[in-house]
Number of protein chains: 2
Amino acid sequence: MSRRAATAPVDPSSGPPSVPPTAAAGRRRREHTRTRLLDAAVRVFAEHGLGGVTVDSLTKAAGFSRGAFYSNFSTIDEVFLAVVDRQSRDLLASARTAIESLPESDFTLESIGAILGTITPSDRAWFLLHEEFTLHALRHEEVRSAYVATEQAVRSEVDEVLGAALTRLGRRPALPLTQISETLVALYLHGLGTEHLGVGGISLDTVLGEVLPRVLLGLSEPL
Amino acid sequence: MSRRAATAPVDPSSGPPSVPPTAAAGRRRREHTRTRLLDAAVRVFAEHGLGGVTVDSLTKAAGFSRGAFYSNFSTIDEVFLAVVDRQSRDLLASARTAIESLPESDFTLESIGAILGTITPSDRAWFLLHEEFTLHALRHEEVRSAYVATEQAVRSEVDEVLGAALTRLGRRPALPLTQISETLVALYLHGLGTEHLGVGGISLDTVLGEVLPRVLLGLSEPL
DNA sequence: CGTATTCGATACATTAATGTATCGAGCATG
DNA sequence: CATGCTCGATACATTAATGTATCGAATACG
């Protein structure tokens with residue numbers, strides 16, 4: 001055992017559960033590896049933040065070794081950007097799905113909160129990553145515009161849903177729709193934060209169920 | 001020049017401008033050093049995040065060398081906590097000041113936004129640090145409760161101001177006051193974020209001047 | 001089947017970061 | 001004014017992290 005020891009991935013059981021560990025043996029190997037690395041990256045970034053991650057921690061979490069990493073990426077920042085990209089895509093897809101599944105009738109201000117809850121996954125990692133992205137964008141001029149563009153794409157989806165919802169409720173915006181959407185997003189994200197922090201007395205449900213409807217009422221008026 | 005070279009701080013001109021560089025020569029030296037380290041830490045943490053900071057970067061930014069650091073702290077995390085502590089104190093102090101300077105009359109919903117703007121400094125570093133704190137608290141169980149306690153202290157100040165303001169305006173909360181405060185904070189922080197990100201179409205002023213008053217109107221009712 | 005190629009595992013050299021130990025200048029106290 | 005002590009500068013040893021170079025197994029292709 002002088003040099004080569006084991007060829008198989010270190011320990012498949014520590015890999016991400018989302019992707020079938022040994023999926024379809026004869027598959028495009030590289031793509032699979034990339035995916036597993038990104039999956040692991042989500043977890044590791046969420047847990048330690050962009051600055052607290054090493055190549056080792058990343059590859060170990062994915063069940064690979066340094067070789068796999070440098071074969072697929074050249075820097076941790078690159079991985080981070082790839083993760084951002086993927087998350088954004090997923091988010092937009094969810095948003096579109098949510099639009100399409102808008103209930104035709106039986107629709108109240110309260111249900112907007114519920115819909116919002118389905119647009120983005122409300123798990124811890126998603127939120128942590130979103131915060132991390134924001135921070136990164138705030139710090140690094142060079143990725144800022146890309147990030148902002150993505151956020152704005154999501155906002156325009158929100159605009160769309162919200163505009164439709166208000167109309168359906170027989171109300172119209174008392175302020176530019178964008179500003180109402182922004183308020184919506186602010187409340188949702190802040191609610192997520194307090195929820196995860198476990199701040200006493202306020203829960204996401206309260207925010208979405210009690211506060212949001214009233215706010216929307218205040219920001220709109222009868223047709 | 002075998003071992004000892006220069007005794008004076010590397011380069012005082014690179015130090016923080018906030019504290020008189022060679023203030024009162026015969027002063028408590030240690031305290032001064034600590035302060036300068038913390039001042040530098042604010043800048044460095046804001047710029048690189050907790051995970052992107054090394055002892056060297058910190059001490060260099062403060063114009064000291066490693067020795068000063070290890071003499072005052074034993075780990076970067078400790079510095080971070082000290083910074084959090086100091087920022088919180090400052091924030092609370094600002095909040096109290098804002099309360100005391102509440103204008104007696106000539107008071108409208110719009111002026112609440114203006115007051116809010118004076119409670120927290122709206123500079124970039126403050127916001128970046130706040131985000132970083134939140135993230136840190138979300139990740140580290142052991143500091144979470146302390147962080148939450150601080151946040152809640154601030155919230156209760158906000159509650160106080162807001163309650164007084166509404167009363168003075170002849171209105172009363174339509175929802176538990178806490179929830180309204182939380183909404184206020186959500187809008188303010190989110191507004192800060194979009195402001196610093198340079199998201200087009202929405203500015204902090206708009207949020208505080210246009211959106212906030214209407215929201216407060218919607219969340220309260222005439223006495 | 002055999003051969004070329006791709007991908008990821010491992011080893012190694014290099015650089016960065018840490019923590020400790022030592023030293024001397026300045027300040028305070030007697 | 002001398003003596004002790006505190007604090008911060010520097011050097012050094014150690015550990016962590018990086019990036020590159022090499023190799024072999026699996027896959028694709030003929």
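Both backbone and side-chain heavy atoms feed into the values below; hydrogens, waters and symmetry mates do not. Just so we're on the same page: letters track the sequence lines, and every chain starts at 1. It should be emphasised that the depicted structure is a prediction, and the values quoted were computed from it without experimental measurement.
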Residues B:Arg86 and B:Asp39 bridged, charged N to O under 4.0 Å: yes

Establish, with yes or no, whether the OP1 or OP2 oxygen of D:dC7 is under 4.0 angstrom from a side-chain nitrogen or oxygen of B:Ser71. no

Using a distance-only criterion (donor-acceptor N/O pair, under 3.5 Å, no hydrogens), is the base of D:dG8 paired with the side chain of B:Arg66? no

Whether the A:Ser203 and A:Thr206 side chains hold a donor-acceptor pair (N or O, under 3.5 Å, no angle test) is what I'd like checked. yes

Rounded to the Å, how far apart are B:His32 NE2 and D:dG8 C1'? 14 Å

Nearest whole Å is fine: how far is C:dT18 P from B:Lys60 NZ? 11 Å

Given C:dA9, C:dT18, D:dA9, identify the nucleotide with an atom nearest to the side chain of B:Ser65. D:dA9

Measure from the side chain of A:Ala68, starting at C-beta and using heavy atoms only, and say which of D:dA9, C:dG8, C:dT18 lies closest. C:dG8

Roughly how many Å is it from CD in A:Glu31 to P in C:dG8, rounded to a whole number? 12 Å

What is the distance, to the nearest angstrom, from the CG atom on A:Leu58 to the P atom on C:dA9? 14 Å

Can you tell me if the side-chain N/O atoms of B:Asn72 get under 4.0 Å from OP1 or OP2 in D:dC7? no

Would you indicate what B:Phe69 reaches in the nucleic acid, counting non-hydrogen atoms under 4.0 angstrom: base, sugar-phosphate, or nothing? nothing

Interatomic distance where CZ belongs to B:Arg34 and C1' belongs to D:dT6 [whole Å]: 16 Å

Between B:Ser71 and B:Gly67, is there a donor-acceptor pair closer than 3.5 Å when you use the side chain of the first and the backbone of the second? no

Answer yes or no: is there an ion pair linking A:Glu132 with B:Arg139, defined by an N-O contact shorter than 4.0 Å? yes

Rounded distance in Å - CZ (B:Phe73) to C1' (C:dG19): 17 Å

Where the side chain of B:Phe64 is concerned, which of D:dG8, C:dC7, C:dA17 is the nearest nucleotide? D:dG8

Picking from C:dG19, D:dC7, D:dT18, which would you name as closest to the side chain of B:Tyr70? C:dG19

Between A:Phe80 and A:Phe45, is the ring centroid distance below 6.0 Å? yes

Separation of atom NE2 in A:His48 from atom P in D:dA17, rounded to whole Å: 11 Å

Tell me: CZ of A:Arg36 to C1' of C:dC7, nearest whole Å? 14 Å

